[in-house]
Each structure stands twice: as structure tokens, then as C-alpha cells.
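Computed from a predicted model, the values in this text were never measured in an experiment.
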Amino acid sequence: MKEYSTKDVRNVVLLGATKSGKTTLAEAMLFEGKVISRMGSIEDKNTLSDSNELEKINQRSIYATPLYTEYGGCKINFIDAPGSDDFIGGAYSAFRVCESGLLLVNAQQGVEVGTDNFIRRAEEQKLPVIIAVSQLDADKADWDSVQNSMKEALGSKIINVQFPTSTGAAFDSIIDVLTMKCYKGSSEVMDIPAEFADQAAEYREQLIEKAAEFDDTLMEKYFEAGTLSEDEIRKGLNKGITAGEVYPVFCVCGKKDIGVKRILEFIRNVAPAPDCKEEGPASLFIYKNDVEQHLGEVSYFKVMSGILTTGMDLEDPVSGNKDRFSAFFAVAGAKKEPVTSLHAGDFGCAVKLKNSKSSTTLAIPGSGISYDRIQYPAPKYRCAIKAKVQQDDQKLGDALKKISAQDPTVVVEYSKELRQTILSGNGEQHINIVKWRLNNEFGLEVELFAPKVPYRETITKVASAQYRHKKQSGGAGQFGEVHLLVCPAEGELNTKFMINGKETQLNVKSQDITELEWGGKLEFYNCVVGGAIDLGFMPAILKGIKERMVEGPLTGSYARDIRVFVYDGKMHPVDSKEIAFIIAGRNAFREAFRNAGPKILEPIYNVEVMTPSEYQGAVMSDLQNRRGMLGDMGADKGFAILKARVPLAELYRYSTTLSSLTAGSATFTMEFADYQPVPGDVQNKLLAEYAAQEQEED
């Protein structure tokens with residue numbers, strides 16, 4: 001393979017909703033660059049992009065696949081990102097290492113929710129985007145309709161570089177107003193037919209005006225001469241695209257290889273080159289890793305600076321561990337070609353690196369170079385997981401760790417609070433893929449089920465209690481008596497209470513305020529007078545209370561936001577020990593808690609749904625059925641935006657329900673908001689379930 005300098009490299013992420021034709025277009029681009037001698041197809045399960053067994057079974061992209069093609073003296077690296085929101089992590093990785101995006105819009109569907117989401121994310125990442133309208137050969141393709149949907153989504157930023165002469169089965173030609181040529185089939189170039197001359201002239205004028213907007217010199221030239229040359233238009237478009245102010249529109253049909261060469265030419269001539277320097281120390285950024293049959297662990301990287309050459313030693317600046325690059329490869333899906341050097345901006349991969357995790361920087365030792373980690377979206381689907389055979393628990397943990405390392409959007413954590421392993425991802429399909437891998441790659445049978453909810457317990461009133469712990473068993477005894485009062489930890493500190501029917505002013509001798517790791521706080525006040533309890537036993541009482549707060553008296557959930565005043569008690573000169581006051585403090589707290597208007601709190605999440613307007617009513621009704629409190633509603637680019645506060649207990653499998661309600665056309669985000677009291681009927685149900693559970697365990 002030829003060695004490419006930074007200025008001759010382009011890095012592009014292929015974006016688009018499911019079934020927009022990305023993988024088919026990728027095959028055509030590989031074919032045009034002679035990386036492959038014949039195009040594969042999704043139906044025949046022989047594409048370079050969807051080469052994973054899972055992708056062949058599902059006939060869709062699940063993982064982001066790096067590919068490359070060589071065209072016109074330029075190496076174009078492109079990453080085929082999955083279209084489904086369940087596998088969005090691959091797109092986030094690609095955003096980090098690509099300088100532009102090629103967004104496919106299905107001519108049958110127009111701008112879908114998935115399409116709009118990619119536009120939003122590209123704008124957030126300041127990623128320049130080129131649009132290609134695909135599926136123009138489909139029976140339901142509608143050029144005017146797709147134009148309207150793009151203008152509604154992107155307004156005046158849309159500019160047509162091409163338009164089709166027809167759609168549907170007859171589609172075979174494209175008019176290009178940059179080159180002012182007609183491209184028929186995969187290779188024929190001709191003059192524009194007379195019947196399309198006026199439309200081409202109108203589009204050409206719009207293109208020139210748009211290109212002139214971003215360069216004062218070009219604007220002046222346009223005013224003087226009334227036109228711009230092809231190269232000048234490219235120059236203006238480059239500035240507009242890079243600024244995120246222009247979305248040039250092309251036409252393409254990957255299956256028939258129509259328009260593919262022109263897309264590649266435009267990327268070569270107009271898309272931005274990597275903003276990397278070939279001078280200076282070599283460094284790279286690992287954006288993805290995988291385990292491949294016959295190869296083992298494979299790390300995919302972008303050279304961020306300098307020139308990577310064989311035999312070079314690079315260091316992880318975090319761990320200090322070094323890796324020798326004795327061999328590395330240019331990547332076209334499953335096809336990997338050995339190379340001896342890669343310049344800044346180029347993509348490659350290496351096998352069996354010690355520092356192989358995604359988001360890892362490797363650089364020349366001592367260079368001080370380090371790159372920020374990739375920030376992935378928060379998971380939207382969570383479930384509990386366990387091995388069907390208990391002896392497989394360790395194997396399951398190891399397997400999940402490997403899967404999460406390959407796909408950082410798979411989040412695994414063991415919750416001490418819930419006593420469950422929680423598996424989180426971007427949707428039920430995403431989690432089902434994890435389950436398939438556990439079964440088929442690791443030979444593990446697992447169960448997935450609804451996770452427990454991390455409730456919290458607190459109090460709403462003032463209550464007091466006392467508890468005496470006395471134990472005598474022949475030898476040294478145990479004795480400790482604690483009198484305490486509890487109230488909500490809110491507002492200013494009040495120390496005057498009714499205790500045993502008498503108004504009592506408590507005098508604080510010492511205090512301990514603990515910010516609890518699960519949220520909220522515990523305020524502990526020592527108000528004992530006259531030496532009823534020795535000061536040395538106060539830490540033991542506090543320890544007993546904290547132990548009880550870890551497993552709250554109502555449902556065994558964490559307790560929070562409580563003030564405790566220890567105001568009296570008794571001790572024995574011989575039998576009083578630390579353990580006695582731990583037990584006395586724990587039980588006195590439990591009794592007082594239960595008499596203080598105890599309340600169960602539940603986690604509330606802010607949920608935002610983006611849906612086509614025709615499904616708005618169904619989505620709203622479903623949210624209300626989940627005890628959701630609807631908030632602001634709005635519209636954006638033809639879609640309804642719904643906001644609601646929904647209890648986490650009601651969000652299990654919500655992504656699946658939403659997909660069913662909207663024919664897969666809606667998406668949502670969820671973010672923890674706060675804790676709120678559960679309704680009375682829900683609290684009674686939870687108390688009954690916990691009581692039954694305790695009885696069962698006894």
C-alpha cells in the first residue's frame with residue numbers, strides 16, 4: 001500500500017438510520033477504490049463491513065467498522081456506524097476520530113428520528129456533514145418529499161449539488177451542478193439533457209451563492225463576474241462545511257454503484273483533512289478494541305501526531321506501560337493489510353497490545369502527550385443478571401468485563417445495596433446481544449430480570465425511643481442503654497422537643513455530620529448530661545445507627561436525611577462495652593424511626609422523548625400510565641418533544657415499549673433527577689413485600 005501524508009488522508013463516519021444503505025454504499029466505495037474486486041451484499045452475508053457473525057445473523061450493522069478506500073491519490077478512511085440507537089456507542093467513537101460525516105437519508109422515509117439524532121450529535125461535536133440521499137431506486141422514493149423534510153430539519157443550510165433525473169425502478173442518472181454533467185449508471189458521463197437544463201442552472205446559481213457566503217474574496221468575485229469557477233465553488237463549500245453552515249446534498253445508489261465516484265471525488269476535494277501534525281513525537285489514540293478469531297485482541301487507533309513506524313515503542317502516560325509496534329495494519333473490515341508506517345491523521349490497528357483499552361493514549365515516552373477519553377451517552381436500559389449455575393459466577397464476571405472493555409456502552413456494576421449485578425446498555429436489543437455473546441462465545445447460560453429499585457428511607461416527624469441491651473452469660477456481661485430522639489434533617493437546627501410529655505431543651509455537647517455515600521446525610525448530636533453515658537461510647541452508638549441506616553427499618557433500603565439526638569442512657573461500671581452500645585444504639589434508632597412518620601423515597605428520572613407527531617398521544621398516555629408527571633412539550637423540525645418526570649420503578653423495558661408504540665421511530669434520554677416520596681398505595685405494597693420476604697428468610 002502507498003504511504004499517505006496527512007494532507008492526503010480523509011476520515012469520514014458513515015451515518016444514517018437503520019436501512020438507509022450505509023453498508024451497501026461502503027461496499028461500493030471499497031469496490032471503486034479497488035480494495036475489493038467484487039461487491040458483497042447484506043443478503044449474501046459477504047460484506048467487509050458486516051463481517052461479524054452477529055451482524056450476518058441480524059443482517060444489520062451492530063458494531064462500528066473501520067474501512068478504507070484509495071481514490072484519486074487520497075486515502076479515505078471511513079467508519080460504518082450502526083444506525084440503531086441501541087448501538088450508538090460506535091458512532092460516538094467515530095465522532096472522536098473523524099473530521100467529517102457522510103449522512104445517508106432514505107429517499108423513501110426522508111429525515112427520520114434516527115437521522116435527526118445523528119444531525120444533532122454531529123452539530124454537538126462540530127462535525128462537518130455531507131448528505132447523500134439513498135434508496136432512490138426504491139418504489140416509494142420521493143425526491144420532493146425528501147427535499148421538504150431536509151429543509152424542515154436543516155433550513156437554509158441545505159444546498160443541492162445533485163438531483164436525480166427520475167426515482168424508482170427507472171433511476172439511473174444524476175445531474176451534478178458542480179461539474180455541470182450528467183452521470184449515468186456507474187461510469188457514463190454526458191452533457192446535461194435539455195429537459196433538465198433549466199433546473200440545473202437554477203441549482204447551480206444557488207450553489208454559487210452559497211459557496212460565496214463564506215469567503216469575502218469569492219463574494220467580491222461573484223459580484224463582479226456573476227459566477228465562480230468549479231475550484232472556487234469547492235473552496236467556498238469547504239469553508240461552509242467546516243463551519244457547519246452548509247450541508248451539500250448528493251444522490252447515491254450503492255447497489256447500482258451510481259454516484260459513488262462523485263461522492264469520493266467530493267470528499268477528496270472538499271472534505272477537511274485531519275488537523276494533525278506529522279512533525280514531532282508520534283502518538284496515537286485507541287478508539288475501539290475487539291477480540292477477533294485467529295487474531296485475539298485487536299486495537300483500532302488513529303495516529304494523532306508524528307509518524308508511526310514499525311519497531312517503535314510507545315507508552316501509556318497513565319500506567320507508564322510500554323508497547324512495541326512490531327507490526328500494524330491498514331484496516332478494511334475483516335481485511336487487514338500490513339504497513340510499515342502511518343502518518344498523523346491515518347487509521348490503523350495492532351494486535352495483542354498490553355495497553356489496548358478504548359480511549360487509551362500511546363505516545364513516545366516522555367513526550368507528555370495525552371488525549372481526553374471518549375464521553376459516551378448514559379445507558380437507557382438496565383437489568384439484573386446472574387448465571388443460571390452459581391458456580392459460573394466468576395466466569396460471568398470475567399466475561400462481562402471483557403465485553404465491556406470491547407463496548408464501553410455496556411456498563412456492569414455489582415450493587416452492594418441491591419445485592420445484584422446490574423447490566424446497563426442502550427436498549428433491549430443491545431442487552432440481548434450481550435446475552436447472545438455470553439451464550440455463544442463464553443458458553444454461559446444466564447438469566448436477565450428486572451433489577452431491584454434503589455429506594456431510600458427517611459422520616460417526616462419527631463419520635464423518641466430507648467433501648468436497653470443487657471446480656472449475662474456466666475462470664476463478663478454486656479450492658480448499654482440509649483435514649484434518643486430522631487427528626488428530619490431539614491431547616492435550622494432545633495433543640496427543644498417534647499419528650500415523654502415534657503418540653504425539654506437539649507444541650508449539644510458534640511456533633512458528627514456525615515454526608516452519606518448514597519445521598520443525603522446523618523446528623524448526630526450528643527446531648528447527654530451528667531455522665532449518664534461516657535463520651536467514649538458515643539462512637540459506638542453512632543456506629544450502631546449507621547449500621548441500621550445501611551439496611552433501613554422499612555424495606556432494607558438505605559436511610560437518609562435524619563437528625564439523631566442522644567439525650568440520656570445508662571451504663572454499667574463493669575459490663576458496659578462498645579458492642580453493647582452498638583446494639584443499643586441500633587435498636588433504639590430502629591424503634592424511633594418506625595414511629596417518626598417513616599417514608600419510602602423513590603428515584604425520579606427526567607425523561608425526554610422525541611417522536612413523530614402522530615405518535616404523541618400514545619407516548620403521553622404511556623408516560624402517564626407509568627406515574628409520569630408531564631412537563632414541557634414542544635416541537636422541533638417536525639418532531640414532538642415530550643418531557644416528563646418518571647419513577648425509575650416504572651422505566652424497566654421502556655425503550656422496548658416506546659419502540660413498539662412508535663414503530664421504532666422515537667428515541668429518548670433519561671437522567672437521574674432526585675428522590676421523592678412514593679404514593680401511599682405503593683408504600684403499602686413495598687412494606688408488605690418486604691415483610692413477606694423477611695418471613696420467608698426466617
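- Applying the side-chain contact (heavy atoms from CB on, under 4.5 Å) criterion to S424, with sequence neighbours excluded, gives P379, R382, V411, I422.
- Inter-residue side-chain proximity for Y376 and S358 is flagged as met; some heavy-atom pair is nearer than 4.5 Å.
- In plain terms, the two heavy atoms of P66 and Y300 that are nearest each other are CG-CD2, 3.6 Å.
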ask   = side chain to side chain donor-acceptor pair (under 3.5 Å) between Y4 and E70: does it pass, once the steps are laid out?
value = CA-CA 10 Å; Y4 290 90; E70 298 176 274; 2.6 Å; yes
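- Checked for salt-bridge contact, K75 and D346 meet the test: a charged N lies under 4.0 Å from a carboxylate O.
- Residue pairs that meet the salt bridge (charged side-chain N to carboxylate O under 4.0 Å, His left out) test with at least one member in residues 248-262, sequence neighbours left out, are D176-R262, R262-E265.
- Taking CD1 of I433 as the reference point, atom CD1 of I403 lies at 10.5 Å (rounded to 0.5 Å).
- Of all heavy-atom pairs spanning A153 and D116, the tightest one is CB-OD1, 4.2 Å.
- Applying the ring-ring contact (aromatic ring centres under 6.0 Å, His included) definition to pairs two or more places apart or across chains, those involving residues 77-110 are F87-H430.
- In terms of heavy-atom proximity, A387 sits nearest to L396 at N-CD2, 3.5 Å.
- Using a 4.5 Å cut-off on side-chain heavy atoms (C-beta onward), I241 and F266 make contact.
- Residues D316 and L362 come closest through the heavy atom pair N-CD2, 3.6 Å.
- Rounding to the nearest 0.5 angstrom, the gap separating the SG atom in C349 from the CG atom in N289 is 11.5 Å.
- Residues E413 and T421 fail the side-chain proximity criterion, which asks for heavy atoms closer than 4.5 Å.
- The shortest side-chain heavy-atom distance between L15 and L102 does not fall under the 4.5 Å cut-off.
- Listed by first and then second residue, the salt bridge (charged side-chain N to carboxylate O under 4.0 Å, His left out) pairs that reach into residues 421-437 are E428-R653, R437-E441, sequence neighbours excluded.
- Residues passing the side-chain contact (heavy atoms from CB on, under 4.5 Å) test with N440 are W436, sequence neighbours excluded.
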task = Just do the side chain to side chain donor-acceptor pair (under 3.5 Å) check on Y183 and T179 with the steps written out, would you?
result = CA-CA 10 Å; Y183 296 85; T179 61; 3.0 Å; yes
Check against side chain to side chain donor-acceptor pair (under 3.5 Å), D80 and T23 = CA-CA 7 Å; D80 181 9; T23 299; 2.8 Å; yes
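- Distance check, rounded to the nearest 0.5 Å: CD1 of I369 to CD1 of I364 gives 8.5 Å.
- L342 and G348 get closest at one heavy-atom pair: CD1-CA, 3.8 Å.
- The structure places OH of Y63 at 7.5 Å from CG of D290, a figure rounded to the nearest 0.5 Å.
- Nearest heavy-atom pair, S20 versus A17, reported as atom, atom and distance to 0.1 Å: OG-O, 2.7 Å.
- With sequence neighbours excluded, the residues that form a side-chain contact (heavy atoms from CB on, under 4.5 Å) with A107 are V133, L136, A141.
- Screening residues 338-360 for ring-ring contact (aromatic ring centres under 6.0 Å, His included) gives Y287-F347 as the qualifying pairs, with residues at least two apart or on separate chains.
- Remark: D398 pairs with Q394 by the side-chain hydrogen bond (donor to acceptor under 3.5 Å, both in side chains) rule, at least two apart or across chains.
- With sequence neighbours excluded, the residues forming a side-chain contact (heavy atoms from CB on, under 4.5 Å) with N106 are Q108, Q109, E112, Q135, listed by chain and number.
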Mind listing the side-chain donor-acceptor pairs of residues 243-254 below 3.5 Å, one per line with the distance, residues two or more places apart or on another chain?
residue, atom, partner, partner atom, Å
Y247, OH, E123, OE2, 3.3

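- Listed by first then second residue, pairs satisfying side chain to side chain donor-acceptor pair (under 3.5 Å) with a partner in residues 304-315 read S283-S305, D313-R324, E315-K322, not counting sequence neighbours.
- Atom CG of L658 sits about 7.5 Å away from atom OG1 of T667, to the nearest 0.5 Å.
- Side-chain contact between N11 and V9 is present, with heavy atoms from C-beta onward closer than 4.5 Å.
- Considering only heavy atoms from C-beta on, V129 stays 4.5 Å or farther from I119 through its side chain.
- For residues 84-111, the pairs satisfying salt bridge (charged side-chain N to carboxylate O under 4.0 Å, His left out) are D85-R121, D85-K380, E99-K302, with sequence neighbours left out.
- With contacts defined as side-chain heavy-atom distances shorter than 4.5 Å, the pair S5/E278 qualifies.
- Between T115 and L103 the shortest side-chain heavy-atom distance falls below 4.5 Å.
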